[in-house]
Amino acid sequence: MPTQVTADVQRAAAALLAGELVAFPTETVWGLGAVVDDELALARIFETKGRPDDNPLIVHVATVADACSLLDGSDAGLLASRVLRRFAPGPVTVVVPRPSSISPRVSAGLDTVALRVPSHPVAAALLAAVGRPVAAPSANLSGRPSPTTAAGVLASLDGRVPWILDGARSVVGLESTVIDCVPGEPMILRAGAVGLEELRTISTAADVATHEESLARSPGTRHRHYAPRCRVLIHDPATPNDEDTRLVLAHAGSAAYLGIGPAPRQIEWALIERCGDVHAYAHALFEVMRRCDEEALTLLVCERPPDSGIGVALLDRLRRASQPSD
Ligand code: TXA
Ligand code: MG
């Protein structure tokens with residue numbers, strides 16, 4: 001199937017309403033959308049991405065009011081509306097009881113659903129034009145880095161998706177913070193740009209789920225994610241060690257470096273991306289992974305980011321990418 005790239009929001013909305021998949025920009029990463037009440041289109045999302053059936057999708061709506069209309073009067077619903085009113089539109093997703101209007105197919109059979117109101121103007125315009133909720137995972141093949149530009153979507157899904165809606169690059173560059181509201185206090189299932197400190201302004205009991213809790217509550221976290229084809233090494237300049245040095249030397253000529261500080265000097269790097277700050281670093285991560293794939297590099301060395309702010313989400317993605325495939 002030829003993939004068409006368009007900047008025409010109305011055309012993209014019409015394609016979605018006709019049951020076609022449309023990749024579209026959001027401020028976090030690009031999404032691969034289908035209208036939520038079209039079971040065939042939903043099935044096509046899983047097929048197109050090679051996504052495991054047990055991995056639920058996020059439902060995107062145009063406004064905070066639209067999201068609140070899908071909440072019930074339970075403690076979880078009230079908490080979610082507080083989170084949304086404080087942080088949305090923006091890079092957060094709330095997990096709440098699933099209303100009967102949303103098919104269990106969207107949430108892989110769970111009795112909860114994930115809701116998000118993106119702030120990217122093109123996403124907001126598209127969702128307003130569609131007038132119905134749009135289910136969308138990130139627009140990459142399952143397990144691969146999420147795209148932050150239209151070119152990134154093409155690299156992963158050219159010929160597999162009929163439409164890509166063009167728009168400005170994703171400013172955050174990492175996926176949304178997924179916040180489970182069902183326990184009655186906010187629990188972070190996936191780290192993102194909205195961190196624990198910010199959530200604690202809403203509830204002092206806000207917390208980050210343990211690895212086991214995440215596995216139990218968010219099936220998507222079971223699968224390997226965000227990884228380029230090559231090996232990823234997290235390098236801490238403060239604690240140099242022989243094992244890292246040996247690995248870097250073994251990949252001389254086909255290794256990439258990504259970080260804020262300077263690249264270690266032992267070898268000639270095939271690619272060096274130095275970022276001005278941790279936000280630029282978060283934004284560059286998936287794009288650099290994609291270039292490593294394109295240039296068939298064999299090692300990506302990433303400087304260990306600070307364990308605060310967006311650095312927490314960045315470190316989470318780096319840890320997942322550096323794990324061996326399952
Ligand atoms: O920033 C984002 O969230 C992007 C853009 C496109 O909105 N979307 C995204 O979708 O990252 P995806 O499918 O790649 O990741 C969705 C995550 C998965 O970890 C999944 O397990 C979790 O959200 N999730 C979805 N529904 C859930 C639910 N009902 N309960 C718990 N976790 C859920
Ligand atoms: Mg994803």
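Quick caveat, the model's predicted, so the values are computed rather than measured. In this chain, numbering begins with 1 at the start of the sequence shown. For ligands, and for the atoms within them, numbers begin at 1 and follow the listed sequence.
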### Task
Could you check which of Pro25, Ser142, Pro56 puts a non-hydrogen atom nearest to atom 25 (C) of ligand 1?
Pro56
### Message
So does Gly159 get a backbone contact from the side chain of Thr3, meaning a donor-acceptor N/O pair under 3.5 Å?
### Response
yes
### Query
For ligand 1, which atoms, with element, lie under 4.0 Å from some heavy atom of Ser176?
1 (O), 2 (C), 3 (O)
### Message
Taking 4.0 angstrom as the limit and counting only heavy atoms of His60, give me the atoms of ligand 1 inside it, by number and element.
### Response
5 (C), 6 (C), 7 (O)
### Query
Within the stated cut-off of 2.8 Å, is an N/O/S atom of Ser146 closer than that to the Mg ion (ligand 2)?
no
### Query
Under 3.5 Å, is there a donor-acceptor pair between the Thr63 and Asp66 side chains?
yes
### Query
Atoms of ligand 1 less than 4.0 Å from Ala114 heavy atoms?
25 (C), 26 (N), 27 (C), 29 (N)
### Query
Considering only heavy atoms of Val113, which atoms of ligand 1 have at least one such atom less than 4.0 Å away?
29 (N)
### Query
Using a distance-only test with no angle check, is there a side-chain donor-acceptor pair under 3.5 angstrom linking His283 and Arg169?
yes
#### Entry: Test item: side-chain donor near acceptor, Ser138 and Glu175, under 3.5 Å
no
### Query
For ligand 1, which part of Leu57 has a heavy atom less than 4.0 Å away: the side chain, the backbone, both, or neither?
backbone
### Query
Should Thr26 be counted as touching ligand 1, given the test is an N or O pair under 3.5 Å?
no
#### Entry: Per-atom contacts of ligand 1 with Gly31, taking only distances under 4.0 Å to non-hydrogen atoms
6 (C)
#### Entry: Shortest heavy-atom approach to atom 12 (P) of ligand 1 - which of Gly192, Ser138, Ser170
Ser138
### Asp8-Thr6 side chain donor-acceptor pair, cut-off 3.5 Å
no
### Task
Pick one of side chain, backbone, both or neither for how Glu27 approaches ligand 1, counting any non-hydrogen atom pair under 4.0 Å.
neither
### Query
Are side-chain N/O atoms of Glu273 and Tyr281 paired as donor and acceptor at under 3.5 Å?
no
### Message
Does ligand 1 come near enough to Trp30 that some N or O of the ligand is less than 3.5 Å from an N or O of the residue?
### Response
no
### Task
Give the numbers and elements of all ligand 1 atoms closer than 4.0 Å to a heavy atom of Thr112.
28 (C), 29 (N), 30 (N)
### Task
Indicate whether the side chain of Arg144 and that of Asn140 have a donor and an acceptor atom separated by less than 3.5 Å.
no
### Query
Going by atom types alone, do Arg116 and Thr28 pair a side-chain donor with an acceptor below 3.5 Å?
yes
### Task
Using a strict cut-off of less than 4.0 Å between a Lys/Arg side-chain nitrogen and an Asp/Glu carboxylate oxygen, indicate whether Arg217 and Asp180 qualify as a salt bridge.
yes
### Query
What atoms in ligand 1 come closer than 4.0 Å to a heavy atom of Asn55?
18 (C), 20 (C), 21 (O)
### Lys/Arg N to Asp/Glu carboxylate O, Glu197 vs Arg200, below 4.0 Å
no
### Query
Does a side chain donor of either Arg190 or Ser176 reach within less than 3.5 Å of an acceptor in the other side chain?
yes
#### Entry: Subset of ligand 1 atoms that lie under 4.0 Å from at least one heavy atom of Leu110
28 (C), 29 (N), 30 (N)
#### Entry: Thr298-His251 side chain donor-acceptor pair, cut-off 3.5 Å
yes
### Glu175 N/O under 3.5 Å from ligand 1 N/O
no
### Query
Under 3.5 Å between some N or O of ligand 1 and some N or O of Thr28?
yes
### Task
Look only at interatomic distance and state if Ser107 has a nitrogen or oxygen under 3.5 Å from any nitrogen or oxygen of ligand 1.
no
### Message
With the threshold set at under 4.0 angstrom, would you say Arg98 reaches ligand 1 through any of its heavy atoms?
### Response
no
